Amino acid sequence: MRQAGIYSGILCGKNGPHSLPLSRIKKIMKQSGEDVKMISCEAPLVFAKACELFIEELTARAYKVTMQGKRRTLQREDIAAAVTATDLFDFLLEMVSASVINDGRTATEST
């Protein structure tokens with residue numbers, strides 16, 4: 001009989017089973033480099049949980065920005081402000097900056 005691995009507890013957290021597609025996560029992992037050939041069945045589970053926690057944290061911080069703006073709908077600008085205000089998300093700064101620049105061009109071109 002096969003015993004559950006050490007990460008089997010990740011599957012059922014407070015919000016139930018994972019919701020991100022494990023096949024997509026595994027595909028991204030394999031595309032990360034030529035050296036990655038074999039991936040255990042538990043590795044995508046860990047990445048799925050890490051992605052869920054990342055999304056929850058970024059959403060919570062962005063929603064605080066939304067509430068400070070006295071709005072109820074989370075917008076892309078709120079996410080950009082949360083990324084800019086948090087050192088933890090510095091790896092996203094370049095992407096957020098490019099997004100803001102592209103928005104400025106589209107707004108100018110459409111008027």
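Computed from a predicted model, the values in this text were never measured in an experiment.
No chain of hydrophobic side-chain contacts below 4.5 Å, direct or via other Ile, Leu, Val, Met, Phe, Trp or Tyr residues, connects L20 to L53. Both M95 and L74 are assigned to one and the same hydrophobic cluster, defined by single-linkage of ILVMFWY side chains at heavy-atom distances under 4.5 Å.
The minimum heavy-atom distance linking A43 with I39 is given by the pair CB-CG2, 3.8 Å. Contact record, L22 with A48: CD2-CB, 3.8 Å, taken as the closest heavy-atom pair. The nearest pair of heavy atoms linking A80 to V96 is CB-CG1, 3.2 Å. Residue E52 comes nearest to S19 through the heavy atom pair OE2-N, 3.1 Å, listed as atom of the first residue, atom of the second, then distance.
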Please table the atom pairs, donor to acceptor, closer than 3.5 Å between any side-chain atom in residues 29-38 and protein atoms at least two apart or in another chain.
| unit_1 | atom_1 | unit_2 | atom_2 | d |
| --- | --- | --- | --- | --- |
| S32 | OG | M29 | O | 2.6 |
| K37 | NZ | E34 | O | 3.0 |

Exercise answer: donor-acceptor pairs, residues 61-68 side-chain atoms, under 3.5 Å, sequence neighbours excluded:
| unit_1 | atom_1 | unit_2 | atom_2 | d |
| --- | --- | --- | --- | --- |
| R61 | NE | E57 | OE2 | 2.6 |
| R61 | NH2 | E57 | OE2 | 3.0 |
| T66 | OG1 | A62 | O | 3.1 |
| T66 | OG1 | D78 | OD2 | 2.7 |

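Rounding to the nearest 0.5 Å places OG1 of T59 at 6.5 Å from CD1 of I79. The CG atom of L92 lies 10.5 Å from the OG atom of S97; values are rounded to the nearest 0.5 Å.
Checked against side-chain contact (heavy atoms from CB on, under 4.5 Å), D90 has the following partners two or more places apart in sequence or in another chain: D87, L93. For F89, the ring-ring contact (aromatic ring centres under 6.0 Å, His included) partners two or more places apart in sequence, or in a different chain, are F54.
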